[in-house]
Amino acid sequence: MSRHREGSQTRAFRTKATRKNSAVADPPPSAGAFRERPSKPTNFRKLYESRDIPIQMEYDPRGNTIRWKVEFEKLDYHHYLPLFFEGLCETVAPYNFYASKGVHDMLDNGGPRILPVVPQLIIPIRNALNTRNHDVMCTTMKVLQHLVKSGDQVGEALVPYFRQILRVFSMFKNKNINTGDAIVYGQQRRENIGDLIQETLETFERYGGKDSFINIKYMVPTYQSCMTR
């Protein structure tokens with residue numbers, strides 16, 4: 001009779017666990033690094049529902065948009081820009097659309113008023129990326145690319161905060177869709193996370209000044225400079 005029963009169980013991380021026909025009892029749980037982390041309804045949604053945000057949907061045959069009830073010159077960017085950035089966590093329509101479109105509108109029209117608000121945007125940016133939600137991450141990275149191009153020195157102002165926002169970039173940098181037509185469709189819509197991360201890091205380097213590369217490299221060691229190609 002064999003000394004070791006076939007299919008015998010052992011605990012994880014022991015030598016016996018590597019033997020053929022051994023089953024691990026109570027295997028350790030998955031770390032869940034890529035698992036989605038749903039966010040709660042944001043203040044953006046609550047204020048929109050109470051009609052305290054000066055926008056409304058405008059229907060157009062070419063594609064819906066939003067109409068602002070206040071001129072951009074009169075908007076309080078210290079209040080509204082962080083609020084709209086917080087709304088990037090939203091996954092429910094129409095709030096996700098309102099937040100994304102509103103952010104892009106404000107970045108297009110903010111000029112010098114954007115730079116002083118950058119420190120207030122870091123927590124909303126980090127929270128959006130930390131949801132690990134595919135759509136939220138893609139939307140946020142497109143917003144980040146727009147943000148650093150939106151005004152003088154905005155890209156440089158973001159560099160000191162790379163350690164807070166690039167951790168998720170390092171985790172997802174090589175996480176691409178790799179199944180046939182899906183990758184082509186994702187690339188066409190700019191919804192392939194790995195490609196968007198690469199684009200965003202390159203945009204950070206181009207607009208972040210002389211210290212941008214070393215700070216990117218510290219957080220994303222596999223990143224190669226786009227300025228030496």
Side-chain angles (χ1 to χ4, degrees), residues 29-45 81-92 95-97 99-100 102-104 107 114 117-150 154-179 182-183 186-187 189-209 211-226:
S30 171
F34 299 108
R35 187 182 302 142
E36 184 177 329
R37 302 176 182 181
S39 64
K40 298 177 181 179
T42 63
N43 286 326
F44 173 83
R45 183 196 295 203
L81 193 57
L83 185 65
F84 274 81
F85 266 79
E86 182 182 348
L88 295 176
C89 285
E90 291 287 350
T91 57
V92 177
Y95 310 106
N96 52 357
F97 171 76
S100 174
V103 165
H104 286 293
L107 293 179
I114 295 170
V117 188
V118 167
Q120 295 175 249
L121 307 179
I122 304 306
I123 291 177
I125 290 168
R126 187 180 63 197
N127 290 344
L129 294 171
N130 280 339
T131 64
R132 269 70 160 173
N133 176 280
H134 179 275
D135 292 337
V136 170
M137 291 179 68
C138 290
T139 297
T140 303
M141 284 184 277
K142 293 172 188 176
V143 164
L144 285 170
Q145 292 183 36
H146 192 174
L147 174 64
V148 298
K149 300 175 184 177
S150 63
V154 172
E156 294 175 40
L158 206 60
V159 173
Y161 302 102
F162 281 177
R163 294 191 184 191
Q164 296 187 48
I165 63 178
L166 293 189
R167 189 177 302 277
V168 174
F169 281 54
S170 182
M171 293 168 51
F172 282 81
K173 186 172 184 292
N174 297 315
K175 190 173 176 61
N176 272 340
I177 302 169
N178 56 8
T179 53
I183 190 168
Q187 288 171 339
R189 297 188 60 189
R190 295 183 68 227
E191 292 182 353
N192 195 311
I193 287 180
D195 291 344
L196 269 173
I197 287 175
Q198 183 65 28
E199 280 182 28
T200 307
L201 292 175
E202 290 180 0
T203 306
F204 283 172
E205 184 182 2
R206 289 191 179 98
Y207 288 85
D211 294 326
S212 59
F213 173 70
I214 192 170
N215 282 277
I216 294 170
K217 189 74 171 175
Y218 181 83
M219 293 303 299
V220 189
T222 59
Y223 178 73
Q224 300 297 319
S225 175
C226 65

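Numbers here simply count residues along the sequence, with the first being 1.
- Ring geometry for Tyr223 against Phe213 counts as tilted: the plane angle lies between 30° and 60°, on a 0 to 90° scale.
- Taking both residues in full, the closest heavy atoms of Ile193 and Cys138 are given as CG1-SG, 3.9 Å, listed atom of the first, atom of the second, then distance.
- Atom CD1 of Ile123 sits about 10.0 Å away from atom CD of Glu86, to the nearest 0.5 Å.
- Gln145 and Thr200 share a donor-acceptor pair across their side chains, judged by distance under 3.5 Å alone.
- Remark: aromatic rings of Tyr95 and Phe44 are distant, center separation not under 6.0 Å.
- With hydrogens and angles disregarded, no donor-acceptor distance shorter than 3.5 Å links the side chain of His104 to the backbone of His146.
- Distance check, rounded to the nearest 0.5 Å: SG of Cys89 to CG of Asn133 gives 9.5 Å.
- A donor-acceptor pair is defined here as one N or O able to donate and one able to accept, closer than 3.5 Å; such a pair exists between the side chain of Ser212 and the backbone of Gly209.
- Here the side chains of Pro221 and Ser170 are in contact, with some heavy-atom distance below 4.5 Å.
- Between Leu88 and Asn127, every side-chain heavy-atom pair lies at or beyond the 4.5 Å cut-off.
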Worked check of side chain to side chain donor-acceptor pair (under 3.5 Å) between Arg45 and Asn43 = CA-CA 5 Å; Arg45 183 196 295 203; Asn43 286 326; over 6 Å; no
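- Between Thr91 and Asn96, the shortest heavy-atom distance links the atoms O-ND2, 3.5 Å.
- With rounding to the nearest 0.5 angstrom, the CZ atom of Phe85 is 5.0 Å from the CG atom of Leu107.
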Run the side chain to side chain contact (heavy atoms under 4.5 Å, CB included) check on Gln120 and Val117 step by step: do they pass?
-> CA-CA 5 Å; Gln120 295 175 249; Val117 188; 4.0 Å; yes
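- With values rounded to the nearest 0.5 angstrom, Glu90 atom CD is found 3.5 Å from Thr42 atom OG1.
- A pairwise comparison of heavy atoms in Asn215 and Asp211 identifies ND2-O, 2.6 Å as the closest pair.
- Within the 4.5 Å cutoff, side-chain heavy atoms of Lys149 are placed close to those of Tyr207.
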Give the intermediate values and the outcome of ring-ring contact (aromatic ring centres under 6.0 Å, His included) for residues Phe162 and Tyr218.
-> CA-CA 9 Å; Phe162 281 177; Tyr218 181 83; over 10 Å; no
Take Arg167 and Arg126 through the test side chain to side chain contact (heavy atoms under 4.5 Å, CB included) and record every step on the way to the result.
-> CA-CA 9 Å; Arg167 189 177 302 277; Arg126 187 180 63 197; over 6 Å; no
Determine, step by step, whether Phe204 and Val159 satisfy the side chain to side chain contact (heavy atoms under 4.5 Å, CB included) criterion, reporting the C-alpha distance in whole Å, the side-chain angles of both residues, the deciding distance to 0.1 Å, and the verdict.
-> CA-CA 8 Å; Phe204 283 172; Val159 173; over 6 Å; no
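- Checking side-chain atoms of Thr139 against main-chain N and O of Asp135 turns up a donor-acceptor pair under 3.5 Å.
- Atom-to-atom distance recorded for Thr222:OG1 and Phe169:CZ is 12.5 Å, nearest 0.5 angstrom.
- Taking CD from Glu202 and CD from Gln224, the interatomic distance works out to 11.0 Å, rounded to the nearest 0.5 Å.
- For the pair Glu199/Lys142, no side-chain contact is recorded, criterion being any heavy-atom separation below 4.5 Å from C-beta on.
- With sequence neighbours left out, Arg163 forms a side-chain hydrogen bond (donor to acceptor under 3.5 Å, both in side chains) with no residue at all.
- Side-chain atoms of Gln198 never come within 3.5 Å of backbone atoms of Lys173 as a donor-acceptor pair (strictly under, hydrogens ignored).
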Tell me, with the steps shown, if Leu166 and Leu129 meet side chain to side chain contact (heavy atoms under 4.5 Å, CB included).
-> CA-CA 9 Å; Leu166 293 189; Leu129 294 171; over 6 Å; no
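- Scanning both residues, Pro124 and Leu121, for their nearest heavy atoms gives CD-O, 3.2 Å.
- Contact annotation: the side chain of Arg132 approaches that of Phe172 to within less than 4.5 Å [non-hydrogen atoms, C-beta and beyond].
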